Protein chains: 2
Amino acid sequence: MTTTPAGRRHTSQGEERKQQLVDAAVALFAERGYAATRIADICERAGVAKGLYYWYFPTKHDLFVELVRTMRRRFRQAQAAAMDPDADPLTRLRQGTEASVRFIGEHAAYFSFVEVEPTDGDRAAVLREGSEVYLRDVRALVDEARRDGLVPDADPTLMSIGVMGSVSSFTNAWRNGSLDVSADELAAFVGRWVEAALTGTTALR
Amino acid sequence: MTTTPAGRRHTSQGEERKQQLVDAAVALFAERGYAATRIADICERAGVAKGLYYWYFPTKHDLFVELVRTMRRRFRQAQAAAMDPDADPLTRLRQGTEASVRFIGEHAAYFSFVEVEPTDGDRAAVLREGSEVYLRDVRALVDEARRDGLVPDADPTLMSIGVMGSVSSFTNAWRNGSLDVSADELAAFVGRWVEAALTGTTALR
DNA sequence: CCGCGACTTGACCAACGGGTCAAGGCGCGC
DNA sequence: GCGCGCCTTGACCCGTTGGTCAAGTCGCGG
């Protein structure tokens with residue numbers, strides 16, 4: 001009884017082949033979106049026959065889910081690694097922001113399609129898993145900064161959304177070619193932008 | 001020789017019917033995205049038979065284009081109307097930002113799908129028409145504020161992208177239910193956030 | 001050499017969805 | 001009553017695409 005793709009262990013060669021499919025998919029999703037990318041396109045890009053896809057993934061959706069979960073784990077790891085545990089929360093927010101910008105810059109293809117996914121449907125649910133955790137973590141830092149008197153007493157959820165939104169909007173523009181700066185320059189700018197906004201935005205009246 | 005849909009003039013009843021199709025499309029695009037919305041869904045939602053669609057629009061794409069151009073015109077009008085011509089550029093930037101947030105709030109369904117469109121393909125080109133003009137106009141105001149000494153001497157393109165990105169990221173979160181504030185409260189917050197960031201973000205070192 | 005597991009292929013299938021068009025209904029003017 | 005214009009219908013067409021699966025190749029161990 002042969003196992004299904006999802007429960008399968010692959011040889012090292014099989015893992016390489018699987019990664020080729022994923023890499024091809026990322027590139028194509030970035031070029032034309034998930035919906036307009038066919039399984040046939042992915043296999044052609046990877047240089048294999050179409051039926052091979054199903055040895056590795058049960059459906060088109062499963063590749064997407066696996067991809068999103070892998071990238072999310074790595075994204076959060078990069079953020080955590082960049083934040084100095086001994087620094088004050090505002091500095092940590094800036095460091096996390098800079099790391100986010102850098103990570104997104106290094107994986108531009110992935111983020112170029114994942115940030116333009118429709119907000120409903122099966123794919124959205126997978127994406128939502130991560131963003132709620134991320135928002136909670138950012139908000140914890142904003143709360144800490146507020147208690148330490150480093151930022152004004154404005155709505156912390158709004159502040160957190162401002163931080164996260166700044167990262168995505170700047171990296172979006174960078175990817176679209178609207179910006180002519182290096183990834184490091186961009187990361188530094190966004191860090192300062194976020195810091196200025198956080199410390200200068202007064203409370204609701 | 002009957003005219004094609006695009007060159008056709010409709011009776012007032014025909015215009016009403018056409019608008020029903022557009023309204024149905026907006027709602028469905030918002031719910032599931034453009035790609036996953038079928039012509040049949042739109043007609044069902046509008047309460048008409050599928051073939052009727054082609055009396056009004058030649059293709060699925062044409063409805064999208066017409067919709068985007070109409071909404072863009074109205075969006076820019078709302079921004080222009082909100083900016084006091086006698087005010088300083090920083091104030092005008094804040095007013096324009098607030099108007100943007102309000103307009104997006106009032107047309108949440110439309111913006112919920114239009115902001116998550118893939119960045120390549122036939123639809124992207126139509127969307128890009130507008131965003132380049134908008135960026136140019138925001139940048140003109142940032143330049144003016146810089147000359148007046150109201151904002152630091154940081155990269156004006158980056159600043160402009162920060163303004164536009166703040167609008168979209170906050171309205172996105174508001175639409176996703178992450179925020180529990182009114183449209184006016186949100187507009188006011190975003191205005192202040194943008195002002196704080198613009199005035200507080202120091203130049204690249 | 002044989003059997004087996006790990007792939008790998010590509011023709012095929014069914015469902016799908018954008019678009020087509022002949023036929024029909026309705027209201028209006030002559 | 002008739003002709004015409006403005007819709008309106010829904011069966012149909014055809015190309016497309018995610019998924020299926022029988023057949024095949026290759027490498028390895030006995």
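When reading the values below, keep in mind they use all heavy atoms of this one structure, side chains included, and skip hydrogens, waters and symmetry mates. Predicted model only: the values in this text are computed from it and were never measured. Throughout, a chain's letter reflects where its sequence line sits, starting with A, and its residues are numbered from 1.
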Given [options], the nucleotide with the shortest approach to the side chain of [X]:
X       : options               : value
B:Ile39 : D:dT9, C:dG18, C:dT8  : C:dG18
A:Lys50 : D:dG19, C:dT8, C:dG18 : D:dG19
B:Trp55 : D:dT8, C:dT9, C:dG18  : D:dT8
B:Leu52 : C:dG19, D:dG19, D:dT8 : D:dT8
A:Tyr54 : C:dT9, D:dT20, D:dT9  : D:dT20

Check your understanding: For the base of D:dG19, is there a side-chain donor-acceptor partner from A:Lys60 under 3.5 Å away?
Key ->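 Absent.
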Check your understanding: Taking five pairs at each end, how big is the angle between the two axes of the helix from C:dC1-D:dG30 to C:dC30-D:dG1, to 10°?
Key ->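 End-to-end axis angle for the helix from C:dC1-D:dG30 to C:dC30-D:dG1: 20°, rounded to 10°.
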Expressed as a whole number of angstroms, how long is the span from [X]:[atom1] to [N]:[atom2]?
X        : N      : atom1 : atom2 : answer
A:Tyr53  : D:dT17 : OH    : P     : 15 Å
B:Lys18  : D:dT8  : NZ    : P     : 14 Å
B:Arg123 : C:dG18 : CZ    : C1'   : 14 Å
B:Phe57  : C:dG19 : CZ    : C1'   : 15 Å
A:Glu44  : C:dT8  : CD    : P     : 18 Å
B:Leu63  : C:dG19 : CG    : P     : 11 Å
A:Arg32  : D:dT17 : CZ    : C1'   : 13 Å

If you compare every side-chain N and O of [X] against the phosphate oxygens of [N] (OP1, OP2), does one of them come in below 4.0 Å?
X       : N      : answer
A:Arg38 : D:dG18 : no
B:Tyr56 : D:dT8  : yes
A:Gln13 : C:dT8  : yes
A:His10 : C:dA6  : no
B:Thr59 : C:dG18 : no

Check your understanding: Should A:Arg102 and A:Glu106 count as an ion pair when the cut-off is N to O under 4.0 Å?
Key -> no
Practice item. May I ask you to say whether A:Arg45 pairs ionically with A:Asp41, meaning some side-chain N is under 4.0 Å from a carboxylate O? Key: no
Review point. Roughly how far, to the nearest 0.5 Å, is CG of A:Asp155 from CG of B:Leu186?
Key: 10.0 Å
Check your understanding: Atom CZ in B:Arg139, atom CE in B:Met164: separation rounded to 0.5 Å?
Key ->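 Answer for the CZ-CE pair, B:Arg139 versus B:Met164, is 12.5 Å.
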Exercise for review: Flag the pair B:Glu66 / B:Leu63 as yes when at least one side-chain heavy-atom distance between them is below 4.5 Å, and no otherwise.
Suggested key: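 No, too far: nothing below the 4.5 Å cut-off.
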Review point. Quick check: does any side chain N or O of A:Trp174 sit under 3.5 Å from a backbone N or O of A:Val181, one acting as donor and the other as acceptor?
Key: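 Such a contact is found between A:Trp174 side chain and A:Val181 backbone.
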**Study point:** B:Thr37 backbone acceptor or donor facing B:Arg32 side chain under 3.5 Å
**Key:** no
Study note, to complete from the structure: 5'-most contact on DNA chain D (nearest-nucleotide basis), A:Ala36 vs B:Gly14, goes to B:Gly14
**Study point:** A:Tyr110 ring center within less than 6.0 Å of A:Phe113 ring center
**Key:**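 Under 6.0 Å, so yes.
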